[in-house]
Trainee: 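Next up is a structure, given as structure tokens.
Residue indices begin at 1 and follow the sequence shown. Counting starts at 1 for both ligands and their atoms, in listed order.
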Amino acid sequence: MISAEKIPNNVNLSGNKRLQRALEHWQPKYIQWWRDMGPQGFQDYHQVYVRTAISVDPEGWAHFEYVKLPEYRWGIFLADPVHDRRIGFGDFLGQPVWQEVPGEFRNQLRRLIVTQGDTEPASVEQQRLLGQRCPSLYDLRNLFQVNVEEGRHLWAMVYLLHSYFGRDGRDEAEELLERQSGNRDKPRILEAFNEPIDNWLDFFMFTMFTDRDGKSQLMSLSESSLDPLSRTTRFMLTEEAHHMFVGETGIARILERTCQLMKEAGFSGDVRKLGGIDIPTIQKHLNLWFSLSLDLHGSEVSSNAASYFANGLKGRAKEDTFDEHVVKDSYYSMEFFEGGKPVTKEILMRNAMNEVLRDWYVGDCAAGVVRWNRILEQHGFSERLRLPDRKFHRGIGMYAGFHFDPNGVPLTSEQWEQRKHEWLPSTADAEYLLSIMAEPIYEPGKFANYIAPPRRGINQLPIDFQYVRTEQ
Ligand SMILES: [Fe+2]
Ligand SMILES: [Fe+2]
């Protein structure tokens with residue numbers, strides 16, 4: 001059960017006074033960060049109908065109530081331990097999992113936890129102004145649900161840092177509140193988390209593609225030999241699923257509305273004239289966030305990834321579905337780009353672990369795009385959305401520094417400069433989106449013109465429920 005202390009938890013925090021004090025010391029700094037960098041304009045006078053964990057079992061972790069955002073009860077929840085859990089991959093396969101951090105892997109583990117932890121507050125910062133342009137109260141509530149849970153994910157990583165990394169861990173926890181998304185001097189660690197998200201098309205694409213990178217990273221960390229890390233990330237995955245739901249259904253509802261508007265627009269097909277979002281604009285935002293999220297998986301060939309795997313720190317998504325878990329002498333056929341041409345080479349599988357995870361990720365994204373395309377199909381349109389080639393618009397790995405079109409055809413720098421806004425959002429696109437999102441919609445049951453209502457409300461409530469209310 002979860003205790004009702006200052007910091008809700010199922011890790012018996014009160015049994016470890018030193019840790020409890022350290023976290024209670026960090027808590028006010030976190031709340032200050034949330035007030036300064038969290039949702040702007042919704043801190044003091046609004047109550048939001050959100051989900052809070054009251055226990056980690058399938059029934060208990062989703063408890064709904066109205067809360068003021070700064071009073072949300074951020075806590076520390078680990079999935080239940082698995083009896084006699086054994087290391088599932090790498091050089092220590094079959095040995096008991098670790099309850100403490102082995103000295104020789106301390107730096108690597110700290111780096112993994114800090115990198116994951118840094119993304120959580122970063123996304124809250126990126127999304128802090130979106131509430132003022134929300135398409136409905138339903139969407140506003142979903143935004144805040146995602147935000148409070150990203151805050152909780154920060155708590156999850158800070159708990160690990162404080163518990164297992166001593167003084168260094170405490171310092172890292174402070175720095176997690178000091179770096180800022182997009183800040184020139186102290187940016188967030190990963191590039192996709194420094195990009196601004198100031199319109200709702202970006203937000204939905206972010207939660208579809210970048211939160212899904214979160215899912216692949218959390219899946220690989222949930223395989224970790226460090227049992228507290230595995231249990232923490234396993235619980236985070238249940239929350240992550242909702243974030244991707246918000247993204248996938250958000251885009252689905254935009255597509256639904258775009259189809260209606262395309263029919264209204266007749267053969268001219270110009271849905272912008274009717275205030276909708278045209279398919280090419282949707283495709284450009286898909287291209288942007290998919291390519292940025294591919295980068296988050298790291299370089300194709302990586303000795304770090306090999307070492308994380310060998311040491312049992314970070315496994316593959318669904319490690320138990322693979323036949324072989326040591327992976328010492330198997331190879332991965334990887335496409336390289338040399339002298340302007342693709343060349344396939346065999347790479348030691350351990351060195352290709354980032355690419356293996358990226359393969360899983362691309363497959364998961366592709367399935368989502370198939371679901372989106374069904375909407376276009378059902379409305380009788382021949383347009384389709386598609387994932388761009390993996391080489392397109394990459395900033396990390398072997399394709400960084402080269403240019404490709406969405407089909408993977410190489411381009412010169414001049415060609416790229418001339419044509420990039422056919423594939424990526426332009427300033428004009430951003431201005432158009434802001435123009436149709438200028439006015440927030442706070443009336444229950446009403447939706448902005450560019451997006452269809454959802455099929456159903458939250459927690460079986462009607463769509464016109466007052467998901468966010470102003471305090472009287
Ligand atoms: Fe998260
Ligand atoms: Fe997330």
Trainee: Is it true that Asp211 and Lys215 have a side-chain N and a carboxylate O under 4.0 angstrom from each other?
Mentor: no

Trainee: Does a salt bridge link Arg133 with Asp198, judged by any charged N lying under 4.0 Å from a carboxylate O?
Mentor: no

Trainee: Can a donor-acceptor pair be found, under 3.5 Å and without considering hydrogens, that links the side chain of Glu300 to the backbone of Met398?
Mentor: yes

Trainee: Sort by chain and number the protein N/O/S atoms that are closer than 2.8 Å to the Fe ion (ligand 1), and list them.
Mentor: Glu120 OE1, Glu150 OE1, His153 ND1

Trainee: In terms of the angle between their ring planes, are Phe209 and Phe290 parallel, tilted or perpendicular, with boundaries placed at 30° and 60°?
Mentor: perpendicular

Trainee: Report the residue from Arg316, Arg390, Arg350 that forms a salt bridge (charged side-chain N to carboxylate O under 4.0 Å, His left out) with Glu355.
Mentor: Arg390

Trainee: Salt bridge check, Glu178 against Lys186: does any charged N sit closer than 4.0 Å to a carboxylate O?
Mentor: yes

